[in-house]
Amino acid sequence: MADYHFVYKDVEGASTQWDDIQRKLGNLPPKPPAFKPPAFEPAVDPDSVPKDKSWVDEKTEEELEELEDDPDLDDDRFLEEYRKKRLAEMREATKISRFGSVMPISGSDFVREVSQAPPDVWVVVILYKDGFAECGLLMQCLEELARKYPATKFVKIISTDCIPNYPDRNLPTVLVYNNGAVKANYVGLRSFGRRCTPEGVALVLCQSDPVLNDGQSGSDPSRKTVLEGVRKRLIEKVVAEHEDDDDGSSSD
């Protein structure tokens, strides 16, 4: 016949007098606190939350799109206009953060990354080869422009990967694309003046079209607006350099 052993447990958190004595003598660890369930808090009813600017600010882009047919917003012109404004800001921010550097591509990437780029995106392509000093100089300028104009797409590709047997004497070459078509091409570093600077390259790129886009021009990406922005940056840089020179001469 099998022996059965029963273990009796008291209510959780309860303690015997013997246990209390042993804890005082340090033979047992401190008594654990009794379990206490958290206070019940009913879930917040989404319909009870007041609909104001902060309510709109908390929404994601997808949620704002879904609110387009919200009957409550139909009765509140201010909130509906604010929803549209926030949605436009989010879309513009997404567009701005899309680029920001000169991205390397291969020949097999060209159609997807350049020819099939969205029609509202200008693409600047540099054909280059490693070891050519002039390519390196122009690449530095384009890297700076890519950071300043993150809504314009900059890509680089080894010349012979793009065009087989492309002559090295034509390097570097810059191609400007928009809506699947070549809008301009610049062969050799001399195309950008005697001194190749980011500001000089920017002015050349924007001679005919609003190629450079910093994402801050709103709904006016015209060539005139872009050129005004480029010239403003150039003036600010010249002024800053003169101020640095003055500070250096005054400290001597």
Side-chain angles (χ1 to χ4, degrees), residues 56 59-69 80-128 138-159 161-163 166 172-187 191-192 198-199 201-233:
V56 174
K59 300 294 182 182
T60 64
E61 182 176 343
E62 293 76 13
E63 290 173 336
L64 288 177
E65 290 175 347
E66 293 173 357
L67 287 175
E68 184 174 1
D69 299 324
E80 174 58 16
E81 291 300 320
Y82 188 67
R83 181 194 71 84
K84 293 179 179 178
K85 178 175 179 291
R86 284 288 298 145
L87 190 56
E89 290 173 349
M90 288 182 176
R91 288 172 176 169
E92 189 65 24
T94 301
K95 180 179 177 182
I96 293 172
S97 62
R98 197 183 310 177
F99 310 117
S101 65
V102 181
M103 181 179 68
I105 64 172
S106 63
S108 59
D109 300 326
F110 195 90
V111 172
R112 182 183 70 252
E113 298 293 344
V114 179
S115 303
Q116 295 179 351
D120 62 332
V121 173
W122 286 84
V123 186
V124 178
V125 185
I126 175 172
L127 277 57
Y128 77 104
L138 183 56
M139 192 74 74
Q140 290 177 1
C141 295
L142 294 182
E143 286 283 4
E144 183 170 334
L145 293 179
R147 291 190 293 271
K148 289 181 178 178
Y149 300 96
T152 296
K153 188 174 186 178
F154 288 81
V155 300
K156 61 182 179 180
I157 181 171
I158 295 175
S159 57
D161 284 354
C162 183
I163 306 174
Y166 191 74
T173 293
V174 171
L175 307 175
V176 178
Y177 275 76
N178 180 247
N179 202 17
V182 179
K183 298 297 184 179
N185 64 84
Y186 306 95
V187 178
S191 301
F192 301 99
E199 293 76 23
V201 174
L203 287 172
V204 172
L205 291 176
C206 296
Q207 281 180 346
S208 303
D209 296 292
V211 176
L212 300 179
N213 185 355
D214 60 4
Q216 306 299 323
S217 302
S219 59
D220 183 19
S222 65
R223 171 179 170 271
K224 180 180 178 182
T225 301
V226 173
L227 278 175
E228 287 176 353
V230 171
R231 292 192 181 104
K232 180 181 177 183
R233 289 177 184 269

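Residues take their numbers from the sequence shown, with the count starting at 1. Small disclaimer: the values here were computed from a predicted structure and weren't measured.
- Of all heavy-atom pairs between N178 and V121, the closest is ND2-O, 3.3 Å.
- The two atoms that bring T152 and N213 nearest to each other are OG1-N, 2.8 Å, heavy atoms only.
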Quiz item: Would I158 and Y166 satisfy side chain to side chain contact (heavy atoms under 4.5 Å, CB included), going step by step from the backbone distance to the final call?
Solution: CA-CA 10 Å; I158 295 175; Y166 191 74; over 6 Å; no

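- In this structure, E199 CD and L145 CG are separated by 7.5 Å, a value rounded to the nearest 0.5 Å.
- A search for side-chain contact (heavy atoms from CB on, under 4.5 Å) contacts involving S191 returns Y186, not counting sequence neighbours.
- Side-chain contact between Y128 and L138: absent, with no pair of heavy atoms (C-beta onward) separated by less than 4.5 Å.
- Note that NZ of K153 and OG of S101 are 11.0 Å apart. Values are rounded to the nearest 0.5 Å.
- Residue K183 comes nearest to D209 through the heavy atom pair CB-OD2, 4.2 Å, listed as atom of the first residue, atom of the second, then distance.
- Residues satisfying the side-chain contact (heavy atoms from CB on, under 4.5 Å) test with A117, not counting sequence neighbours, are V123.
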Practice problem: Assess whether side chain to side chain contact (heavy atoms under 4.5 Å, CB included) is satisfied between V125 and Y177, documenting all intermediate values. | Solution: CA-CA 8 Å; V125 185; Y177 275 76; 4.3 Å; yes

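- Proximity of V176 to W122: side-chain heavy atoms (C-beta onward) are separated by under 4.5 Å at one or more points.
- Between I105 and F110, some side-chain heavy-atom pair lies under the 4.5 Å cut-off.
- In plain terms, the two heavy atoms of R147 and G100 that are nearest each other are CG-O, 3.6 Å.
- When all heavy atoms are compared, the tightest approach of V201 to C141 is CG2-CB, 4.1 Å.
- Atom-to-atom distance recorded for I157:CD1 and D109:CG is 7.5 Å, nearest 0.5 angstrom.
- Annotation: side chain of V102 is not in contact with side chain of V155 (no heavy-atom distance under 4.5 Å).
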